2 protein chains.
Amino acid sequence: MAKKHVSELKPLEEILTVWDVLTPDERQFLRNSYTVHYFKKNEMIHCEGEQPTHMMILASGKVKVFKEGVGSRSQIIRMLKPGEHFGYRAIIANETYNTTVTAFEASTVYMLKAATFLSILRHNNAFCYRFLEEMATDLGASDARTVNLTQKHIRGRLAEALLILRKNYGLEEDGATISIYLSREDLANLSNMTTSNAIRTLSNFVNDHIIAMDGRKLKIIDEEQLIKISKMG
Amino acid sequence: MAKKHVSELKPLEEILTVWDVLTPDERQFLRNSYTVHYFKKNEMIHCEGEQPTHMMILASGKVKVFKEGVGSRSQIIRMLKPGEHFGYRAIIANETYNTTVTAFEASTVYMLKAATFLSILRHNNAFCYRFLEEMATDLGASDARTVNLTQKHIRGRLAEALLILRKNYGLEEDGATISIYLSREDLANLSNMTTSNAIRTLSNFVNDHIIAMDGRKLKIIDEEQLIKISKMG
DNA sequence: CTAAATTTGTGCTTTATAACACTGTTGTCA
DNA sequence: TGACAACAGTGTTATAAAGCACAAATTTAG
């Protein structure tokens with residue numbers, strides 16, 4: 001199975017979305033300098049407060065990015081899927097990591113030394129601009145999320161989380177089930193509420209025929225209603 | 001007075017912190033292409049949902065950046081002081097503005113056409129990198145703020161707001177009064193609470209000898225305690 | 001394959017904070 | 001100068017959501 005996993009792994013050039021803006025030299029350089037790392041489910045990839053050493057690209061699996069808050073409550077900032085980058089913000093800002101990243105399921109990560117990454121950023125303008133764009137988009141999303149999480153009520157926050165998950169991970173073949181199975185606790189940490197309230201609110205949504213549940217599998221039944229709840233707060 | 005104002009105004013090259021990474025050609029280009037705009041107190045500079053047209057640099061005054069939330073509640077994202085840039089995130093992300101900016105006091109703004117700004121970003125790598133750095137720092141701050149606003153209690157949120165204001169605007173000559181006078185409502189919108197609760201909590205801080213108040217003038221008396229409250233939540 | 005640990009689900013209680021309804025104060029401008 | 005608006009302050013009530021306790025179901029591990 002491990003073998004199969006490896007053979008299925010896409011090379012860096014297919015997973016790195018900014019590959020095409022690199023010069024042939026830079027590409028060759030990258031091919032020789034990245035390393036591959038495997039993480040088991042729940043294994044930590046990097047931790048809040050640590051010095052960043054690598055820019056990372058998720059090759060396979062799913063990871064969650066979160067911050068430890070007050071009194072063991074944690075806030076999931078975002079969930080990543082293959083092809084997405086992480087761990088580079090702290091490198092650029094010259095800070096320590098301000099989030100922790102753990103493998104949500106068994107995952108493969110390509111790592112690029114911070115110095116290598118910085119060197120390309122500083123020499124290839126198109127590459128730099130791509131990350132500027134990405135960061136600009138993320139910053140907008142982060143500010144929007146702040147208001148969503150602080151001002152909306154429980155139902156609105158959970159509705160929003162479900163819509164974000166669907167948008168990010170898509171649906172399974174049945175065209176309804178969201179392609180990621182989260183524990184109630186993670187769902188709560190994503191929506192800024194307690195586990196009990198996540199459970200209760202999910203049940204309410206089922207009663208209101210807005211979603212259907214089968215364990216951790218969640219289907220969106222009445223999308224329109226869900227959007228409405230998410231907008232109203 | 002208006003005349004005095006103008007004569008006091010620093011030219012673009014002194015206020016634009018990234019000026020030194022520009023080529024002589026770019027500098028000349030900028031000198032000829034920026035425009036100066038004056039805004040009265042409470043006047044809107046740009047509005048959420050609008051198409052961005054200019055990158056802006058605050059030359060004098062103070063402005064607040066905020067998002068309209070659920071039911072006329074607004075969340076102040078940040079307060080700017082002269083020398084800081086704004087309005088460029090939406091240009092880079094190719095989105096409409098997701099925040100509204102209004103002059104908090106009479107302010108002067110240098111504006112640079114979006115196309116001009118983008119052109120320099122795309123041709124001058126050092127310039128691009130400077131904005132990448134700035135955005136990386138802001139993104140970290142935004143995520144930290146999300147957790148602060150969602151998980152801390154009222155006292156912690158207000159304490160944090162006061163510390164941020166002091167850090168950003170500094171102190172007056174007396175070495176204690178924070179150099180910005182906000183209404184209780186703005187203080188509330190900064191700390192995600194209602195105006196009544198901002199008033200009440202400020203009074204509590206005064207009773208606890210943590211701060212001193214004189215109208216809108218706020219002095220931090222017991223900084224250590226304030227930091228402690230802000231950390232504990 | 002059983003025991004332990006984790007996750008899910010539910011009801012009850014408590015509490016933080018919003019909402020509301022006032023009163024007093026200050027500032028503005030016609 | 002007097003009227004009106006905006007702001008500051010306070011008490012009371014209402015309520016959303018946290019906290020807690022516990023049972024049932026499911027997963028993990030020895």
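To find a chain, count down the sequence lines: A is the first, B the second, and so on, and within it residues start at 1. Bear in mind that the values here come from a model prediction, so they are computed numbers and not experimental data. Every heavy atom of this structure was used, including side-chain atoms; hydrogens, water molecules and symmetry mates were not.
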At what angle, to 10 degrees, do the two end axes of the helix from C:dC1-D:dG30 to C:dA30-D:dT1 meet, given five pairs define each axis? 40°

Taking the six-membered ring for Trp and the full ring for Phe, Tyr or His, determine whether the centres of B:Tyr88 and B:His54 are under 6.0 Å apart. no

Are the side chain of A:Ser142 and the backbone N or O of A:Asp138 linked by a donor-acceptor pair below 3.5 Å? no

Within residues 142-159 of chain B, the residues having a heavy atom closer than 4.0 Å to DNA chain C are B:His153, B:Ile154, B:Arg157

Pairs involving residues 34-59 of chain A, ordered by first then second residue, that meet salt bridge (Lys or Arg N to Asp or Glu O under 4.0 Å) (sequence neighbours left out): A:Glu48-A:Lys67

Flag, side chain of A:Gln151 to backbone of B:Val70, donor-acceptor distance under 3.5 Å: yes

Among pairs that include at least one residue of residues 196-215 of chain B, which meet salt bridge (Lys or Arg N to Asp or Glu O under 4.0 Å), considering only residues two or more places apart or in two chains? B:Arg155-B:Asp208

Taking any atom closer than 4.0 angstrom to a non-hydrogen atom of chain A, what span of DNA chain C does the protein reach, first nucleotide to last? C:dT7 to C:dC12

All pairs passing salt bridge (Lys or Arg N to Asp or Glu O under 4.0 Å) where residues 82-106 of chain B contributes a residue, at least two apart: B:Lys62-B:Glu105, B:Arg89-B:Glu95

Any side-chain heavy-atom pair from A:Tyr34 and A:Leu16 closer than 4.5 angstrom? no

Going by the rule side-chain contact (heavy atoms from CB on, under 4.5 Å), which residues pair with B:Ala114 if we only count those two or more places apart in sequence or in a different chain? B:Ile91

By side-chain contact (heavy atoms from CB on, under 4.5 Å), which residues pair with B:Ala161, not counting sequence neighbours? B:Leu190, B:Ser191

Please enumerate all protein N or O atoms sitting under 3.5 Å from an N or O of nucleotides 8-15 of chain D, with distances to 0.1 Å.
unit_1: D:dA8; atom_1: OP1; unit_2: B:Arg216; atom_2: NE; d: 3.1
unit_1: D:dA8; atom_1: OP2; unit_2: B:Arg184; atom_2: N; d: 3.2
unit_1: D:dG9; atom_1: OP2; unit_2: B:Arg184; atom_2: NE; d: 2.9
unit_1: D:dG9; atom_1: OP2; unit_2: B:Arg184; atom_2: NH2; d: 3.0
unit_1: D:dG11; atom_1: N7; unit_2: B:Arg200; atom_2: NH1; d: 3.1
unit_1: D:dG11; atom_1: O6; unit_2: B:Arg200; atom_2: NH2; d: 3.3

Between CG of B:Asp186 and C1' of D:dC7 the distance, given in whole Å, is 12 Å

Ring pair (Phe, Tyr, Trp, His ring centres under 6.0 Å) contacts touching residues 172-215 of chain B (sequence neighbours left out): none

Please enumerate all residues that pass side-chain contact (heavy atoms from CB on, under 4.5 Å) together with A:Ile227, with sequence neighbours excluded. A:Leu163, A:Glu223, A:Lys231

Under the ring-ring contact (aromatic ring centres under 6.0 Å, His included) rule, collect the residues that match up with A:Phe39, sequence neighbours excluded. none

